[in-house]
Engineer: 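My questions will all concern the structure given below.
We use all heavy atoms of the structure for the numbers below, so side chains are in, but hydrogens, waters and symmetry mates are not.
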Amino acid sequence: MFFKWRSSRRDVVTCACEPEWPGLRALVDGQEVAGVPSPEGSSPLVLMLGLAASCTGCGADYPYGWAVADRR
């Protein structure tokens with residue numbers, strides 16, 4: 001099956017960076033991918049793969065919806 005369900009989010013950790021959340025990243029098969037906040041919630045790709053984003057500065061888990069950033 002394609003879906004990886006997460007039973008629960010880890011404890012919410014606030015970002016220690018100034019400004020908060022300077023960037024997001026996730027690991028996919030050992031490769032780092034960039035992420036962007038998404039006010040509509042997490043993208044279907046993020047949900048299907050069960051990806052979790054973290055702050056590029058302090059490493060805190062991002063507790064809100066996000067999507068994989070466009071490659072440029």
Engineer: For the residue pair P22 and G57, what are the closest heavy atoms and their distance?
Structural biologist: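 That would be CG-N, 4.3 Å.
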Engineer: Is there a path of hydrophobic side-chain contacts, each under 4.5 Å between heavy atoms, that joins M48 and V36?
Structural biologist: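 No, because M48 and V36 fall into different hydrophobic clusters, even though each may have its own neighbours under 4.5 Å.
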Engineer: Return the set of residues passing side chain to side chain contact (heavy atoms under 4.5 Å, CB included) with E40 (not counting sequence neighbours), or none when no residue passes.
Structural biologist: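 Scan of E40 (side chain to side chain contact (heavy atoms under 4.5 Å, CB included), adjacent residues dropped) gives S38.
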Engineer: Who are the side chain to side chain contact (heavy atoms under 4.5 Å, CB included) partners of V33, not counting sequence neighbours?
Structural biologist: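 Expected list: A26, V28.
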Engineer: Just to verify, what does P37 make a side chain to side chain contact (heavy atoms under 4.5 Å, CB included) with, not counting sequence neighbours?
Structural biologist: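 Residues passing side chain to side chain contact (heavy atoms under 4.5 Å, CB included) with P37: L24, Y62.
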Engineer: Does the side chain of L51 come within less than 4.5 Å of W66's, by heavy atoms?
Structural biologist: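 Answer yes - side chains close enough.
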Engineer: Taking only residues two or more places apart in sequence, or in another chain, which ones meet L27 in a side chain to side chain contact (heavy atoms under 4.5 Å, CB included)?
Structural biologist: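 Listed in chain order: E32.
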Engineer: Please round to the nearest 0.5 Å and tell me the distance separating atom CG of L49 and atom OG of S42.
Structural biologist: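 Rounded to the nearest 0.5 Å, the CG-OG separation comes to 11.5 Å.
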Engineer: Once you round to the nearest 0.5 Å, how far does CH2 of W21 lie from SG of C58?
Structural biologist: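 The distance works out to 6.0 Å.
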Engineer: Rounded to the nearest 0.5 Å, how far apart are CZ of R25 and SG of C55?
Structural biologist: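 Going from the CZ atom of R25 to the SG atom of C55 covers 7.0 Å.
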